[in-house]
Each structure stands twice: as structure tokens, then as C-alpha cells.
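Only one structure is covered here, and it is reproduced in the block below.
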Amino acid sequence: MTPIVQRGTGEGVWFAPGRANLMGEHTDYNDGFVLPFALAQGTTATVAQRDDAVLTLTSHQRPGPPIEVALEDLAPGAITGWAAYPAGVAWALREAGVKVPGASIAIDSDVPPGAGLSSSAALECAVALALTELAGAAIPRRELAALARRAENEFAGVPSGIMDQSASLLGRAGHALLLDCQSGQTSQVPFTARLLIINTRAKHDLTAGEYGARRAECEEAARQLSVPTLRFITNCGDTSRLRDPILRKRARHICTDNERVLRAVTLLRDGKYAEVGPLLTQAHASLRDDFEISWPEADVAVEAAVTAGALGARMIGGGFGGSVLALVPDDRPAIRAAVTTAVAAAFAARAWTAPEFLDAIPSAGARRLTLRPPLARSGYPHAASAPGRDGPAAGATPQPV
Ligand code: GLA
């Protein structure tokens, strides 16, 4: 057997996964419940410490000269585009008092961007883990998730909640993560399954304003209902007190989705996996009709998947593009094949770009990797150029250290 190569402390490869979300959409910033899980797909940060206080950033997915910034020049607005996420993490860590070293960071990822699978959280969390380890700082993962979120909110300017970073940092193989976004309490819910992700390849852009608009509507609904956040509405019938029909629908989605999260947890703990399916499809209807963030490709994919035998399906993530998650019986490969065939045919009939099908397997959260040669030889010692497509995410055997 090939020996594992152990490297020095000033360099290494860190991995953080993307996420799918079983239940609880747009509930996180309403202080509610979410039930995401970490994916096997993720992002690697190959990092070499530098003697100067400079950060250089490269990405295999965004070829071009390294983006370079002095640590002391890091400030919101100083860097835009993809590099704002890793640079924002360095900024947020410094703001929290971490002595971030200069570093060359090379990024590679097999999370499709724009697919609603949190490629940005995977990027943030891989870099957050790398920089804190290199700095010798022991930051609890919940706090690290909050810092990564701060980078996204304040540095990259995306007003997202805490779900994605929590899933990436706290995920556990064979489990979904129940997160109470009010108390911050988490619990691991056993969930061994191979779900199907249907990347509809339609546009997904959280900065496009609709996400912020939903947040504002939820805040206004809470204000009119005289509660701090919609989390405090536990009887969903109370939302009918809202006069504005739009606010009423938004609040109803949040309340019913919180209920669905807790119901899904009970079902999973009781081993009633198949019964989670109809809950997914109900959640999709709520996201489509009450929260109004679905998109035509998602509606067609859900309909085709369920008709072909999926136990249930729904759009996931922020909305207006990205992926559908379908629950298919693990022990019936013929149904899985029927679902992918039906969805592909429904897209082809509408002359839409063919969807992409991916496995969604509840997997381990972010970690440092050790790598087997020859990757270790080609990926090290300096992260000036990104590892190739056969690099860490695709080809190496991840080993927790
Ligand atoms: C995006 C955000 C999350 C969450 C979801 C919707 O993924 O980053 O915080 O709000 O949308 O559930």
C-alpha cells in the first residue's frame, strides 16, 4: 500500500464540502430550523505559508494571474469576484484577532458553481480551516462558520444565512445536521442515503436582489405580527392575521417549513425514510406558491421525477436557479434510472439545456487532507499554481489527519 505523505506545518491541503439541504429553506435567517447535509463534492485549498504578509489566490476554475493582496489592505470592497470569498475569510479572521499569516492559496473544486450547492461556502470553509490551522488558532467550528458567514455577508456582500457554512464545517458522514438557527444548537440525525441532485443549469445568483427582498418581507411580516422573527410563529394559522397577501404567504412558508424540518427529523429518527419523500414535494409547492422562488426548470424536474417514481423532490437553496433534490429508493436502481430518463426527456422536449445528475451522499465535513503521491509531489511545495483536475478534489484519497 502506498504510504501517506505527511507534510510540514507551513503547508497543506484542506477540503470543505458543498451541501444539499433536506429541509428548511430560507428558514435560517428567520431564526428557524434547517436540515442540510455535507456532500462528497467539495473544494480544496492547497496552501503554502509565506514570509511576507501577502495573500495570493489562484483558482483552477478561474484561470488567470494570481490575485495578490497585502493582508493589511484587506477591507470590504477591496477585492471583488470569486476571490472576495477567500480574501473575505482572511479579513474576518483578522477582525476576530487571528494572526493570519501570508499565504499562497490555490483553489480547486468539483462543486458546480451556480448549482445551489454552496460552492461559495465550501470555498470559504476550506480557506478558513487552512488559515486558522496555519495560524495555530483553535476556533470552535460553530464560530468558524459564523466568521465564514461574516466574510460572505460583509466582504462579498451576499446577505445569506448560516446554513451553508454550518453544513460544510459540521457535517458528518451518514448524517444530516439539524440546526436551530436561534440557539445555534445542532444535532446529528442519522441519514444514510444516496439521493439524486438534478442540476437544472438555470441561473442562480443570490446577489440578484430577490434573496434580499425575501429577507425584507420576512422581517416586515415578523414586525406586523409583533414577534422578533418568524421563528416565534409556532401556530401557522397565526399568519392569517397578516393583511398583505404577499407577506401572509411568505410567513406561511417559513412557518410550515419549520414544521416540515421537525417532522422530517422525527421520521428519520423513526427509520421512516420513505415518508420524508412527500414532505419534500410539499416543501416544493410551498417554495413555488408561497415563497415564489422556484423556476420553470425546477417545477418540471420535480413533476417528472415524482411521476417517474421518486419518493419526493424539491428545489433547494436560495431559489431562481440551481438544483432539485430527489429522494429515490436506494434499493431500486431501475427507479433511479427511470427518474433521470424522465427528467432528461422533459428538458429535451422543451429544448432546455440538458440537466446534470449528481449523487448526493451525506458526507463528512471540512478537514485537512493528507495526500498520496504523486499528487503530493505535483501539488506541493508551493501553491503558486492550482492543482490540476486530477488534483485533490478529484483524484486524491482524502485522509483526515
Ligand atoms: C442560500 C443561503 C442560505 C439559505 C438558503 C435558503 O443557500 O446561503 O443561508 O438562506 O439560501 O435556504
Side-chain angles (χ1 to χ4, degrees), residues 16-39 41 43 84-85 88-89 111-125 142 145-171 176-182 184 186 197 199 203-219 229-231 250 253-258 260-261 264 280 283-284 286-288 290-295 298 314-325 360:
R19 64 99 189 94
N21 184 16
L22 192 61
M23 200 64 77
E25 222 61 90
H26 285 257
T27 45
D28 60 353
Y29 58 78
N30 285 294
D31 279 352
F33 300 98
V34 288
L35 190 61
F37 57 93
L39 294 169
Q41 296 89 339
T43 296
Y85 295 91
V89 166
V111 184
L117 302 175
S118 293
S119 58
S120 53
L123 172 54
E124 292 152 17
C125 294
R142 255 168 58 180
L147 288 170
R149 178 194 178 187
R150 185 170 181 209
E152 182 159 322
N153 290 174
E154 295 180 34
F155 201 97
V158 180
S160 48
I162 191 66
M163 171 170 73
D164 305 342
Q165 295 82 3
S166 303
S168 186
L169 285 165
L170 299 170
L177 178 79
L178 171 62
L179 171 62
D180 177 337
C181 298
Q182 189 197 14
T186 56
I197 288 172
N199 176 7
K203 194 168 151 44
H204 166 83
D205 188 357
L206 276 189
T207 52
E210 293 286 354
Y211 186 92
R214 293 302 179 281
R215 278 193 80 134
E217 287 164 351
C218 290
E219 281 161 21
T229 60
L230 289 178
R231 151 66 177 263
R250 304 298 189 249
H253 164 73
I254 298 302
C255 187
T256 58
D257 230 29
N258 277 328
R260 278 185 289 271
V261 171
L280 284 184
H284 185 76
S286 178
L287 289 159
R288 183 191 60 211
D290 279 351
F291 220 60
E292 297 182 281
I293 58 167
S294 189
W295 61 102
R314 73 170 184 86
M315 58 145 286
I316 56 171
F320 304 102
S323 295
V324 160
L325 182 69

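Bear in mind that the values here come from a model prediction, so they are computed numbers and not experimental data. Keep in mind that the numbers below use all heavy atoms, side chains included, and drop hydrogens, waters and symmetry copies. When a ligand or atom number is given, it counts from 1 through the structure's own listing order.
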Hey, does the side chain of Thr43 reach the backbone of Ala122 with a donor-acceptor pair shorter than 3.5 angstrom?
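No, because the side chain of Thr43 does not come within donor-acceptor range (under 3.5 Å) of the backbone of Ala122.
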Donor-acceptor check, side chain of Arg149 to backbone of Ser160, threshold 3.5 angstrom: yes or no?
yes
Under the rule for side-chain hydrogen bond (donor to acceptor under 3.5 Å, both in side chains), what residues qualify as partners of Gln165, not counting sequence neighbours?
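Scan of Gln165 (side-chain hydrogen bond (donor to acceptor under 3.5 Å, both in side chains), adjacent residues dropped) gives Glu124, Glu152.
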Nearest neighbour of atom 9 (O) of ligand 1 from the list Asp28, Asn21, Val158, Val34, on a heavy-atom basis:
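Of the listed residues, Asp28 has the closest heavy atom.
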Considering the options Arg260, Arg314, Arg288, which one meets the salt bridge (Lys or Arg N to Asp or Glu O under 4.0 Å) requirement together with Glu25?
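It is Arg314, the one option of Arg260, Arg314, Arg288 that forms the salt bridge (Lys or Arg N to Asp or Glu O under 4.0 Å) with Glu25.
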Nitrogen or oxygen of [X] less than 3.5 angstrom from that of ligand 1:
X      : result
Glu152 : no
Gly161 : yes
Tyr211 : yes
Tyr29  : no
Asp164 : yes

What pairs with Arg231 under salt bridge (charged side-chain N to carboxylate O under 4.0 Å, His left out), at least two apart in sequence or on another chain?
Asp180
Region of Arg19 engaging ligand 1 - heavy atom pairs below 4.0 Å:
side chain
Considering only NZ, NE, NH1 and NH2 on the basic side and carboxylate oxygens on the acidic side, decide whether Arg214 and Glu210 come within less than 4.0 Å.
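Judged by the 4.0 Å cut-off on N to carboxylate O distance, Arg214 and Glu210 do form a salt bridge.
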Quick note on ligand 1: atoms under 4.0 Å from a heavy atom of Met163 include exactly 4 (C), 5 (C), 12 (O)
For Gly317, the ligand 1 atoms whose distance to one of its heavy atoms is below 4.0 Å:
6 (C), 11 (O)
Any side-chain donor near an acceptor of the partner, Arg19 and Ser166, under 3.5 Å
no
